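This report refers to the structure that appears directly beneath it.
We number each residue from 1, following the sequence as shown. None of these values were measured; they are calculated from a predicted model. Quick note: numbers below take in every heavy atom, side chains included, and nothing from hydrogens, waters or symmetry partners. Just so you know, ligand 1 is whichever comes first in the structure, and atom 1 is the first atom listed for that ligand.
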Amino acid sequence: GLQSPGRNDECWCGSGKKYKKCHLDFDERLEELAEAGEEVPPRDLLKTPAEIEGIKRSAKVNIGVLDYVAERIAPGITTEQIDQWVHDYTVEHGAIPAPLDYEGFPKSVCTSVNEVVCHGIPSPDEVLREGDIVNIDCSTIKDDFFSDSSRMFCIGEVSPEAADLVRVTKEAVQVGLDAIKPWGHLGDIGAAVNAYAREHGYTVVREFGGHGIGLEFHEDPFVSFVTEAGTGPILVPGLCFTIEPMINAGAQEIDMTDPNGWTVRTADRSLTAQWEVQLAITEDGYELLSW
Ligand code: MF3
Ligand code: CO
């Protein structure tokens with residue numbers, strides 16, 4: 001861990017207050033939890049108020065991109081066109097699309113259609129058709145701060161089955177948010193999401209999940225949505241991460257054998273959906289940063 005300031009030194013959080021009047025009690029609480037055997041996130045994962053402001057400036061662009069896509073997405077649009085919109089809007093707003101060149105990803109956004117679970121690559125050959133459901137996953141860097149959110153879009157009229165999956169997956173994110181208790185456990189979120197999905201006859205992907213975010217694209221902790229309540233790291237105020245369950249209409253298994261190295265599909269080719277929000281844990285609960 002990091003070293004603590006002296007009682008009369010300035011607090012590490014940037015408030016300008018003396019440590020004893022600011023985060024001293026907080027740090028002692030972390031120490032007690034660690035001594036009690038709890039998994040306590042290291043302090044460098046906890047964002048200061050100034051860092052959260054930076055993340056919000058990034059999120060403003062991130063949300064703007066998805067609003068821009070929402071106004072234009074329609075039957076006949078290619079996923080390549082969506083990539084162009086995301087790239088141009090992001091750059092015109094002084095930001096960088098985080099996926100571009102990330103571990104070799106070739107485009108500025110992930111577009112995942114129907115049975116594609118995640119990491120779909122935009123293509124001029126992929127035309128959106130009436131009845132498709134598509135996840136647009138947008139990640140943004142502004143002034144070195146990262147934001148990340150994704151939404152589902154129904155193209156024209158979709159089947160009742162597809163509409164239900166999209167709705168339940170969105171509701172599952174809210175159910176996960178509702179499970180957040182400051183100083184509770186990260187595993188509470190995944191337990192609630194998984195229970196909700198199963199109640200509706202759906203399955204939750206195990207291999208991918210949410211992640212810490214803010215100063216990097218993917219920070220600790222990994223946020224699984226197939227966890228047990230009361231397990232995992234403590235939800236310490238200042239912790240910043242995503243909730244982004246991938247929920248399948250059919251079996252839980254996924255297929256990662258696409259030769260492009262990215263596109264993930266349901267093993268049984270059933271429909272799948274995902275929504276993603278980014279939040280910060282606060283003393284009262286949570287604050288949504290991007291959605
Ligand atoms: N946006 C994804 C997430 O939510 C990560 C995509 S990695 C990429 O974590 F390279 F495919 F963009
Ligand atoms: Co994410």
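- Every residue meeting the side chain to side chain donor-acceptor pair (under 3.5 Å) condition with Glu80, not counting sequence neighbours, appears here in chain and number order: Lys107.
- Counting only protein N, O or S atoms closer than 2.8 Å to the Co ion (ligand 2) gives 4.
- Ordered by chain and residue number, the residues placing a heavy atom less than 4.0 Å from ligand 1 are Pro99, Tyr102, Phe105, Cys110, His119, Asp137, Ser139, Asp148, His211, Phe217, His218, Glu244, Trp262, Glu276.
- Heavy-atom neighbours of Asp144 CG from other residues, nucleotides or ligands within 6.0 Å: at or below the threshold of 12.
- A side-chain contact (heavy atoms from CB on, under 4.5 Å) with Phe153 holds for exactly one of Ile82, Ile133, Asn135, Ile136; it is Ile136.
- Taking the six-membered ring for Trp and the full ring otherwise, His93 and Tyr89 have centroids separated by under 6.0 Å.
- For the salt bridge (charged side-chain N to carboxylate O under 4.0 Å, His left out) test, no residue two or more places apart in sequence or in another chain qualifies with Asp137.
- Remark: the backbone N or O of Asn248 is not paired with any side-chain donor or acceptor of Ser270 at under 3.5 angstrom.
- Put simply, the side chain of Thr140 never gets that close to the backbone of Val61: no donor and acceptor are under 3.5 Å apart.
- Ionic pairing of Arg265 and Glu253 is not present here: no N-O contact between side-chain nitrogen and carboxylate oxygen is shorter than 4.0 angstrom.
- Residues Asp178 and Gln174 bring a donor and an acceptor atom of their side chains to less than 3.5 Å of each other.
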